[in-house]
Amino acid sequence: MTQFSFEAEVIYWRGPSPFFYAPLPAPEAHEIRRISRLVTYGWGMIPVEAMINGVTFTTAMFARDGTYYLPLKDAVRKKANVTAGDRIIVEMTVPPAKR
């Protein structure tokens, strides 16, 4: 398992499926890119377990615009009391891929 800790600003993406994300900073995105083939379950999706403000959740990140985006489900955001523009600290674990 690979562990990360980073600070990010929550963004709101107004695409066809509006959603909130925490984009990874460059150093963490670089490390994820380096291990991506070992941890992806396909289509470039990277499974993670993350914690924000004491709220633990599982999700899958995806690559876009030179970084990775950590999706923040509404239930997670509400429990963690975060929204667009907030700076958050993310504790995140990337498990090895299940083969």
Listing, residues 48-59 side-chain donor-acceptor contacts under 3.5 Å, not counting sequence neighbours, or none:
| residue | atom | partner | partner atom | Å |
| --- | --- | --- | --- | --- |
| Asn53 | ND2 | Ala80 | O | 2.7 |

Task: Under the side chain to side chain donor-acceptor pair (under 3.5 Å) test, residues paired with Glu91 that sit two or more places apart - done: Ser5

- [ ] Quick one: closest heavy-atom pair of Arg33 and Gly66, and the distance?
- [x] NH2-O, 2.7 Å

Open item on the list: Give me the atom names and distance for the closest heavy-atom approach of Ala84 to Phe20.
Closed with: N-CE2, 3.7 Å

Task: Aromatic plane relationship, Tyr69 with Tyr21 - under 30° parallel, 30 to 60° tilted, over 60° perpendicular - done: perpendicular

Open item on the list: Rounded to the nearest 0.5 Å, what separates atom CG in Leu24 from atom CD in Glu7?
Closed with: 13.0 Å

Task: Residue pairs fulfilling salt bridge (charged side-chain N to carboxylate O under 4.0 Å, His left out) with at least one residue in residues 55-75, sequence neighbours excluded - done: Asp74-Arg77

Task: Side chains of Met92 and Met61 in contact at under 4.5 Å (non-hydrogen atoms) - done: yes

Open item on the list: Under 4.5 Å between side-chain heavy atoms, counting indirect links through other Ile/Leu/Val/Met/Phe/Trp/Tyr residues: same cluster for Phe19 and Met45 or not?
Closed with: yes

Task: Spatial distance of atom CD1 (Ile32) from atom CD (Glu28) [nearest 0.5 Å] - done: 8.5 Å

Task: Gap between atom CZ of Arg34 and atom OG1 of Thr2 - 0.5 Å precision - done: 7.5 Å

- [ ] For residues Ala29 and Tyr68, report the shortest heavy-atom separation together with the two atoms involved.
- [x] O-CE1, 3.7 Å

- [ ] To the nearest 0.5 angstrom, please state how far the CD1 atom of Ile88 sits from the CG atom of Asn81.
- [x] 12.0 Å

Task: Cluster link Tyr12 to Val82, ILVMFWY, side chain under 4.5 Å - done: yes

Open item on the list: As an exercise, state the distance from CD1 of Ile35 to NE2 of His30, rounded to the nearest 0.5 Å.
Closed with: 11.0 Å

Task: Pairwise side-chain contact, Val90 with Phe4, heavy-atom cut-off 4.5 Å (strictly under) - done: no

Open item on the list: Just checking Arg14: does its CZ atom have more than 12 heavy atoms from other residues, nucleotides or ligands closer to it than 6.0 angstrom?
Closed with: no

- [ ] Taking all non-hydrogen atoms of both residues into account, name the closest pair between Ala8 and Ala22 and its distance.
- [x] CB-CB, 4.2 Å

TODO: Give, for atom CZ of Phe62 and atom CD1 of Ile46, the distance between the pair rounded to the nearest 0.5 Å.
DONE: 12.0 Å

